[in-house]
Amino acid sequence: MDALVPVQSAGQRLPVRLVSASLHRCIGSVSIRRSVSGFAMDTRISSRAPSQFTIRSQQSDLKESLGVASSSDLRIKEWEVDMYQNELAISQGIRIRRKPPSKAPLGYSGPFELRLLNGQVADSPSNILEEITWFKDQEVSRMKELNPIEALKKAVENAPPTKDFVGALRTAHQRTGFPGLIAEVKKASPSRGIFKENFDPVEIAQAYERGGAACLSVLTDQKYFKGGFENLEAIRSAGVKCPLLCKEFVVDPWQIYYARTKGADAVLLIAAILTDLEITYLLKLSKKLGLAALVEVHDEREMGRVLGIEGIELVGINNRSLETFKVDISNTKKLLEGEHGRQIREKDMIVVGESGLFTPDDIAYVQAAGVKAVLVGESIVKQNDPEKGIAGLFGKNISQT
Ligand SMILES: O=P(O)(O)OC[C@@H](O)[C@@H](O)c1c[nH]c2ccccc12
């Protein structure tokens, strides 16, 4: 059986410029479902639930704008855009594939034909991050149908203003002398299981706020983290004052609009799954909607990429590999050494040390490495009293009072 092989292993890499030029062309003129194509798609989705008729007329619109005659031509174009997306991702060293590999549609003839070699590529996810990403792609497609982008855009227009996430971190850092705390409302994780059975997100959020958290992070992924957008909404409506980070696996601009309508003040962008072009675009979109963006990296290569993107104020260094689950807090230190550290200081970016922080010594260690904020879940959410959990983590009461 034929299978798709990434360009690198096929040894037939297209010049990056050619790939990105083609991708630009696709983004500029093509409107196709999901992922990269989703970036151009928004405007043509009807605000009503799509009827058979609207789907059919959308399809014929689409065919017209693509200059394709039939549905099979359309399928080929869709597939080709996904392939360009893959090429671009691979050229930037991104290992996570956005979707399961699929064979070329019948009748396809073009550059990717040469990459069809015999069964060398796994069509099951290679790690948990890839699994989550593939699932998210499907989930977002379904959610888009229930909440069309036009309706979200209207809701955003009427939404209350966002709170200043970055400002809250800076203020807390100045007030306490410790890194500003982003406290995470986290019921479970795929690596560590369930943290708390009787999980009341609003109660935990209020305890964090009393304990001196500058901001909160709310997991909204249901399947892998037992979170939900209803938690974000409930915390916002309960009158919590801390700015809120929507902790989600963003693969589509639709999710940014959705997060904004559910009460988020900030979103997470994970460099391991997004190309530079996507980060640039999602960052701009977030800013336009009044949201801060925390751009998360895990290794030197991702840090290098992110430092090349204009306009990033918040960089998160994850001490946990989302591919292997390995946690090592010296990762924060390593990534802040040398030239990268120098550039970060020069640009006055706020670095957030993320994951695996349990003790005052851990906090002191990442602070000495140069972080001005920390993102903490497990060690404080597990405590009977998360408010006291914060004092334990810092070795001191950091609340306002
Ligand atoms: O519970 P911890 O080890 O304190 O980690 C919190 C946070 O860093 C972690 O939940 C996280 C960081 N980046 C992510 C991306 C997706 C999901 C979860 C995360």
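Counting starts at 1 for both ligands and their atoms, following the listed order.
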Revision key, fill the gap. Under 4.0 Å from one or more heavy atoms of F249, ligand 1 contributes atoms 16 (C), 17 (C)
**Study point:** Distance filter under 4.0 Å to G377 heavy atoms, resulting ligand 1 atoms
**Key:** 1 (O), 2 (P), 4 (O), 6 (C)
Study note, to complete from the structure: atom 10 (O) of ligand 1 sits nearest the protein heavy atom E184 OE2, 2.5 Å
Review point. Between E354 (side chain) and N319 (backbone), is there a donor-acceptor pair under 3.5 Å?
Key: no
Exercise for review: Determine, for D299 against K334, whether the closest basic-nitrogen to carboxylate-oxygen distance falls under 4.0 angstrom.
Suggested key: no
Practice item. Compute the shortest N/O to N/O distance between G356 and ligand 1 and return yes if it is under 3.5 Å, no if not. Key: yes
Check your understanding: Taking the non-hydrogen atoms of L357, is any one of them nearer than 4.0 angstrom to ligand 1?
Key -> no
Point to revise | Nearest non-hydrogen protein atom, atom 18 (C) of ligand 1 | key: K247 NZ, 3.4 Å
Review point. Between K154 and E150, is the closest basic N to carboxylate O distance under 4.0 Å?
Key: no
**Study point:** Per-atom contacts of ligand 1 with V376, taking only distances under 4.0 Å to non-hydrogen atoms
**Key:** 4 (O)
Practice item. Report the nearest protein non-hydrogen atom to atom 8 (O) of ligand 1: residue, atom name, distance rounded to 0.1 Å. Key: S355 OG, 2.7 Å
Point to revise | Non-hydrogen side-chain atoms of L268 and E248 separated by less than 4.5 Å | key: no
Practice item. Compute both the distance and the angle, then confirm whether K187 meets the cation-pi test with F195: under 6.0 Å from the six-membered ring centre, within 45 degrees of the axis. Key: no
Exercise for review: Kindly give the heavy-atom pair with the smallest separation between L357 and V376, and that separation in Å.
Suggested key: O-CG1, 3.7 Å
Check your understanding: Taking side chain as C-beta onward, heavy atoms only, is V185 less than 4.5 Å from S217?
Key -> no
Practice item. Specify the protein heavy atom at minimum distance from atom 13 (N) of ligand 1: its residue, its atom name, and the distance to 0.1 Å. Key: E296 OE1, 2.7 Å
Review point. Has F358 got any heavy atom lying under 4.0 angstrom from an atom of ligand 1?
Key: no
Check your understanding: Do NZ/NE/NH1/NH2 and the carboxylate oxygens of R305 and D276 come within less than 4.0 Å?
Key -> yes
Check your understanding: Touching ligand 1 at all, L268? Heavy atoms, strictly under 4.0 Å?
Key -> yes
Point to revise | Within-shell test, R320 vs ligand 1, heavy atom, strictly < 4.0 Å | key: yes
Practice item. For residues F112 and Y84, establish whether the separation of their ring centroids is below 6.0 Å. Key: yes
Review point. Going by the atom numbers of ligand 1, which of them fall below 4.0 Å from some non-hydrogen atom of E378?
Key: 1 (O), 2 (P), 4 (O)
Exercise for review: Distance to 0.1 Å, residue and atom name: give those for the protein heavy atom nearest to atom 17 (C) of ligand 1.
Suggested key: F225 CZ, 3.5 Å
